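All values below were derived from every heavy atom in this structure, side-chain atoms included, with hydrogens, water molecules and symmetry-related copies excluded. Predicted, not measured: the structure shown is a model, and the values here were computed from it.
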Amino acid sequence: MWAEWWNGHHLFETDNARPLLTHLLSAGYLSQDGHSIFIGGKAEETFGQRHFMDLMASFTAPPEFTVLQVGKEIGRCDPMLLTRATHGPRLLLLAGRSWQVDWIDWKRRRCHVVPIEGSGGVARWSTSSSFGISFEFARAVRDVVLGQDPPVRLTRRATDALAAARIELAEVAYRDHTAIVRSPDEVLWWTWAGTRVNATLKASLGTLADPCSRPDDLYIRLRGDLDATTWREAGRSLPYLVDPDVDPQAVRGLKFNAALPQDLATATLAARLADHPNTRKVLKEPRLFHHGLRPSANR
């Protein structure tokens with residue numbers, strides 16, 4: 001029995017693997033002759049080059065996308081900027097200006113853009129994770145904002161910038177709380193929780209979150225008419241956590257996506273963008289709702 005080849009690994013138990021096997025057989029990646037299953041013609045065509053090297057290697061290319069304008073390379077961007085769902089044009093910030101994504105070559109990891117006037121582009125530095133900064137990194141940033149000095153020698157410029165940042169962020173950074181800050185233009189929930197947590201929170205908040213915004217590393221943009229009363233009524237108990245939304249086209253960049261049914265490939269990428277354990281930690285923390293300059297405790 002083919003399931004016995006995997007030495008009891010739960011991912012290859014019959015109930016888990018059967019949909020994959022069915023997909024691979026129906027798509028021609030595998031062929032069956034009686035009780036024998038072997039490589040099919042579609043797999044030979046798709047993965048057979050270089051003696052199936054892609055099947056044997058964990059990584060065959062850096063996890064960045066090359067950004068091109070009319071065939072000229074202008075930089076690279078983090079895949080997170082291209083995989084998260086967005087409303088309206090997808091904008092990038094590279095080479096000191098904003099660009100609108102024209103089309104994405106997921107297979108070759110290339111992103112073609114056109115220049116636009118004005119601002120609005122988004123930039124991100126690549127980290128050890130393709131999905132932005134982690135929960136631990138974001139909380140370390142908060143610690144520094146709250147006065148903890150980093151264990152490195154700072155230049156005068158860095159010292160001045162750090163002092164300015166501590167003043168600017170004084171009303172949104174707390175040791176044991178998160179802060180929801182309402183201004184005339186927007187409502188931001190400063191979670192200091194990292195990209196994956198904020199993406200999970202935004203998806204789970206539903207109509208409480210601004211549907212047109214992308215989650216930041218440090219905060220989430222909430223609905224513009226949200227006030228302390230609304231949050232107290234609706235924000236206390238989320239029905240359940242859900243994985244972040246992803247662009248369905250992004251599954252083309254998922255390694256061996258052809259071997260997965262479309263819904264499973266999309267769910268796999270969404271699960272990689274999520275961070276449920278740390279999201280639960282954030283939801284258990286007290287929250288302060290700032291209305292003007294006077295914070296009021298709300299849970």
Checklist entry - Which atom pair, heavy atoms only, marks the closest approach of Ala199 to Leu273? => result CB-O, 4.4 Å

Item to check | Same apolar cluster (I L V M F W Y, side chains within < 4.5 Å links), Val114/Val101 | outcome: no

Item to check | Trace of the side chain to side chain donor-acceptor pair (under 3.5 Å) decision for Thr66 with Arg110 | outcome: CA-CA 5 Å; Thr66 301; Arg110 295 176 180 176; over 6 Å; no

Checklist entry - Quick one: is the NZ or CZ of Arg108 closer than 6.0 Å to the six-membered ring centre of Trp106, and within 45° of its axis? => result no

Checklist entry - Mind checking whether Leu68 and Leu91 sit in one hydrophobic cluster, side chains of I, L, V, M, F, W, Y counted as touching below 4.5 Å? => result no

Next on the checklist: Looking at Pro115, is its backbone amide N or carbonyl O close enough to the side chain of Arg97 to form a donor-acceptor pair, meaning the two atoms are under 3.5 Å apart?
Outcome noted: no

Next on the checklist: Among Val242, Leu241, Val197, exactly one meets side-chain contact (heavy atoms from CB on, under 4.5 Å) together with His276. Which residue is that?
Outcome noted: Leu241

Next on the checklist: Can you confirm whether or not the ring centre of Tyr219 sits under 6.0 Å from the ring centre of Trp190?
Outcome noted: yes

Next on the checklist: I'd like to know if the side chain of Trp99 reaches the main chain of Ile116, judged simply by a donor and an acceptor atom lying under 3.5 Å from each other, with no hydrogens or angles considered.
Outcome noted: no

Checklist entry - Within the side chain of Arg182, is there an N or O that forms a donor-acceptor pair under 3.5 Å with the backbone of Leu226? => result yes

Checklist entry - Closest heavy-atom contact between Thr200 and Pro244? => result N-CG, 3.9 Å

Checklist entry - Just checking, is any N or O donor in the side chain of Thr191 or Asn198 under 3.5 Å from an acceptor N or O on the other one? => result yes

Checklist entry - Taking NZ, NE, NH1 and NH2 as the nitrogens, is one of them in Arg175 or Glu285 under 4.0 Å from a carboxylate oxygen of the other? => result no

Checklist entry - Taking Arg109 for the side chain and Glu64 for the main chain, is one N or O donor matched with an acceptor at less than 3.5 Å? => result no

Next on the checklist: On a heavy-atom basis, which atom in Val282 and which in Thr178 lie closest, and how many Å separate them?
Outcome noted: CG1-CG2, 4.5 Å

Checklist entry - Do any N or O atoms from the side chain of Ser213 and from the backbone of Asp210 form a donor-acceptor pair under 3.5 angstrom? => result yes

Next on the checklist: Under a 3.5 Å distance rule, please check whether Arg221 uses its side chain to pair with a backbone N or O of Val187 as donor and acceptor.
Outcome noted: no

Next on the checklist: Can you tell me if Arg166 has over 12 outside heavy atoms packed within less than 6.0 Å of its CZ?
Outcome noted: yes

Checklist entry - Val144 and Leu154: same hydrophobic cluster, using ILVMFWY side-chain contacts below 4.5 Å? => result yes

Checklist entry - Which atom names give the shortest non-hydrogen contact between Trp192 and Leu169, and what distance separates them? => result CH2-CD1, 3.8 Å

Next on the checklist: Looking at every heavy atom in both Arg196 and Ala274, which two are closest together, and how far apart are they?
Outcome noted: NH2-O, 2.6 Å

Item to check | Heavy-atom pair with the smallest gap, counting every atom of Pro286 and Asp176 | outcome: CD-O, 3.5 Å

